Number of protein chains: 2
Amino acid sequence: MPRAGLTETRVVEEGERIADEVGLSGLTLAALAERLGVRQPSLYKHVAGTDGLRRSIALRAKTELAGVLRRATVGRARGDAISSMAWAYRAWATEHPGRYAAAQRAPVPGDLEDERASADVVQVAFDVMAGYDLRDDDAVDAIRGLRAALHGFVTLEAAGGFGLPVDINRSFDRLVVGLATAFAEWSDGSGGGDR
Amino acid sequence: MPRAGLTETRVVEEGERIADEVGLSGLTLAALAERLGVRQPSLYKHVAGTDGLRRSIALRAKTELAGVLRRATVGRARGDAISSMAWAYRAWATEHPGRYAAAQRAPVPGDLEDERASADVVQVAFDVMAGYDLRDDDAVDAIRGLRAALHGFVTLEAAGGFGLPVDINRSFDRLVVGLATAFAEWSDGSGGGDR
DNA sequence: GGTCGATAGCTATTGACATTAGCCCAATGG
DNA sequence: CCATTGGGCTAATGTCAATAGCTATCGACC
């Protein structure tokens, strides 16, 4: 009986494919093993069970997303950077729904590698906010707002929560532009850090 | 052997409690049966399996949430109404995380009761937007943006996605006010329905 | 080329959970 | 008092995760 030649990378990548095709909840070790031509328990030689597999997918997804966002912002500033980043975020999430869902789990405290990957995503947004002269708490507020809006939009869209036959791209654009405008107003003194 | 005296309502309410206590994913028929002092298969006399139970919880959650939001908006208008509704939304979601999660599933097409309950929630937001003179597509854009922001914020908060030690209430307030301001600008001609 | 150790993949087993089939007895109404 | 309804039960099946322990393959090294 010849070996299947699995590696952790091959297992995780096939898991990503399943997650994107049938949703994260449809990613089972049974389905994964079948796709790899192997019996379920064999997977434990390469990944630490369901939890380990999901963590690996999350880690890679966060890293990839951070790169996508970073590339979307180079050479752009302020509202231009925010819009570009927002569209890149939505596009990636839409194209990779399973990976995106996996990336939502917050790292378990003490998991330095995961904490690092999560921070990388946030760092892109931080850098964009610096272009607005938003710093410290103001930047945190803006990032939280932007993340919430993007994550909520993408999630609702994926769940079919936008039932009405109205152009979704237009809704998204107006939301992003509206937020960018709000951030711009925060930065010029009117609604600064005191409340 | 005396009867347990279950009804559909009792079963669903206990299910809601479990979901809020341990999360929607922790709501199993096994756990529910144990809490009710009954064997698993007995539950099938009252609810249609896991799917039916979750649907019932979702239905009740949507109805309750719609009522909460409605009460938060009476006697208020424009930004005041939006803020009040937003805070009520977040408070309810935070206090009832399991029910809130259950309410996120979109109704299966043709499930009129569920479609009705879902529409009730949206209707509250529609009525608020009418106070901004936002109608039709403009109102849809605004509602999608608001829903996305609220849902995203609440979800990220519940998942522990806001790691930094910065006041979350303040971040939420600024997001809501920022959106309300953006909506106000949409309504006075500057960014109307053409794009 | 032969040997040996590490380990990939296997079978077998256990345990949680969902679900269906079919039984029996309790409650209710005539 | 009896008949019907239906609530709760046991038994059984299927899916999936996970662990234990075996075997044989592969690569390193002599």
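These numbers come from a predicted model, not from an experiment. Order of the sequence lines sets the chain letters (A, B, ...), proteins ahead of strands, with each chain counted from 1. Values reported hereafter were calculated over all heavy atoms of this structure, with side chains retained and with hydrogens, waters and symmetry mates removed.
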Looking only at non-hydrogen atoms, find the nearest pair between A:A106 and B:G160 and report the distance.
CB-O, 4.0 Å
Just to be sure I understand the geometry, which residues of residues 38-49 of chain A put a non-hydrogen atom under 4.0 Å away from DNA chain C?
A:V38, A:R39, A:P41, A:S42, A:K45, A:H46
Can you tell me the distance, in whole Å, between the CG atom of B:L27 and the C1' atom of C:dC17?
12 Å
Can A:D138 and B:R170 be counted as an ion pair, charged N to O under 4.0 angstrom?
yes
Does B:D51 pair with B:R55 as a salt bridge, N-O distance under 4.0 Å?
no
Can you list the residues that meet the salt bridge (charged side-chain N to carboxylate O under 4.0 Å, His left out) rule with A:D167, with sequence neighbours excluded?
none
Passing option when A:F183 is tested against A:L134, A:V128, A:D133 for side chain to side chain contact (heavy atoms under 4.5 Å, CB included)
A:L134
Could you state the atom-to-atom distance from CD of A:E8 to C1' of C:dG9 in whole Å?
17 Å
With sequence neighbours excluded, what pairs up with B:H46 under the ring-ring contact (aromatic ring centres under 6.0 Å, His included) test?
none
Would you kindly give the CG-to-P distance between B:L29 and C:dC17, to the nearest whole Å?
10 Å
Show me the donor-acceptor pairs, under 3.5 Å and distance only, between side chains in residues 148-156 of chain A and residues at least two apart or in other chains.
residue : atom : partner : partner atom : Å
A:H151  : ND1  : A:Y100  : OH           : 2.7
A:H151  : ND1  : A:T155  : OG1          : 3.4
A:T155  : OG1  : A:H151  : O            : 2.6

Send over the distance from A:D51 CG to D:dA17 P, rounded to a whole Å.
11 Å
Think B:T50 has a side-chain N or O under 4.0 angstrom from the OP1 or OP2 of C:dT19?
yes
For B:E157, the side chain to side chain donor-acceptor pair (under 3.5 Å) test, sequence neighbours excluded, returns B:R90
Contacts to DNA chain D from residues 11-20 of chain A, heavy-atom cutoff under 4.0 Å, which residues?
none
Residue A:L6, side-chain atoms from C-beta onward, closest of C:dC17, C:dG9, D:dC16:
C:dG9
